[in-house]
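Okay, structure first, notes after.
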Amino acid sequence: MAETSQANRGTIFAEDAEVLAHTEWPGDQFVLRVRAPQTAAAARPGQFAHLACDPLLPMRRPLSIQRVAAGAGWVEFLYKRLGHGTRLLARRQVGEILSLLGPIGRPFEVAADVHYPVLLGGGVGIPPMIFLAEWLKARADLAPATFLGSESARLRRSPGSLSRS
Ligand SMILES: Cc1cc2nc3c(=O)[nH]c(=O)nc-3n(C[C@H](O)[C@H](O)[C@H](O)COP(=O)(O)OP(=O)(O)OC[C@H]3O[C@@H](n4cnc5c(N)ncnc54)[C@H](O)[C@@H]3O)c2cc1C
């Protein structure tokens, strides 16, 4: 009989993650740091976690991992408050516990013949690039260039005029 599910490979952890820091930035963006030592130790750039935004909201929301500290045991995310889930997540306070599943997904790979990788990230595509850029610092054989872009509140207010004056 054909196997219908993959065996648990022990690479994804379910952790009760304590909120260590949660700060709001312009543009409805938030940086969330949680204690999740198993995820912090195992995560690689390009991976994400599934976060329970609120105990009363069963469907988790996926967020890319922006930064980890394996020694200190924390994981950091950058997210935009968008809909129901991220609105609830934005209310979580330091000291609260949220359920986290991670790390999930296939990490980035740098091909052996690449020496000058170019990292491009925009908006909520920025977090995995930050993780990758910090990870590549340890690679003396690589000289990465990173370009990150985010929407400008001034440009958004006046779509008819894109002047930066
Ligand atoms: C791999 C991955 C990485 C991401 N990384 C980031 C990031 O780093 N930062 C960031 O700001 N955003 C990221 N996003 C987008 C983020 O997950 C969405 O903005 C968020 O799910 C929106 O949820 P919401 O409830 O606030 O919005 P809503 O608009 O209310 O929800 C979006 C819709 O998707 C449905 N939905 C939500 N979660 C799931 C799920 N897990 N499975 C199926 N349906 C679902 C909701 O029910 C709703 O219908 C990522 C998405 C993916 C897939």
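Source: prediction; values computed, not measured.
Between Glu24 and Arg81, at least one side-chain N (NZ, or NE/NH1/NH2) sits under 4.0 Å from a carboxylate O, which counts as a salt bridge.
Taken to the nearest 0.5 Å, the CG atom of Leu56 stands 8.5 Å off from the CG atom of Leu88.
Of all the heavy atoms in Gln47 and Pro103, the pair that sits closest is OE1-CB, 3.4 Å. Smallest separation of non-hydrogen atoms from Pro55 and Arg92: CD-NH1, 4.1 Å.
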Exercise. Step by step, would you call Ser99 with Arg60 a side chain to side chain donor-acceptor pair (under 3.5 Å)?
Worked result: CA-CA 9 Å; Ser99 171; Arg60 294 166 184 269; 2.7 Å; yes
Problem set entry | side-chain contact (heavy atoms from CB on, under 4.5 Å) between Phe77 and Leu100, intermediate numbers included | CA-CA 12 Å; Phe77 305 93; Leu100 177 153; 4.0 Å; yes
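Side-chain atoms of Glu96 come within 3.5 Å of backbone N or O of Gln93 as a donor-acceptor pair.
Contact check for Leu78 versus Gln29: side-chain heavy atoms found under the 4.5 Å cut-off. With a 4.5 Å cut-off on side-chain heavy atoms, Phe147 and Val118 count as touching.
With side-chain heavy atoms closer than 4.5 Å counting as contact, directly or through intermediates, the hydrophobic cluster containing Leu101 also holds Ile12, Phe48, Ile104.
Between Tyr79 and His22, the angle of the ring planes lies from 30° to 60°, which puts this pair in the tilted group.
Within the cation-pi definition used here (under 6.0 Å to the ring centroid, within 45° of the axis), Arg35 does not qualify as a partner of Trp74.
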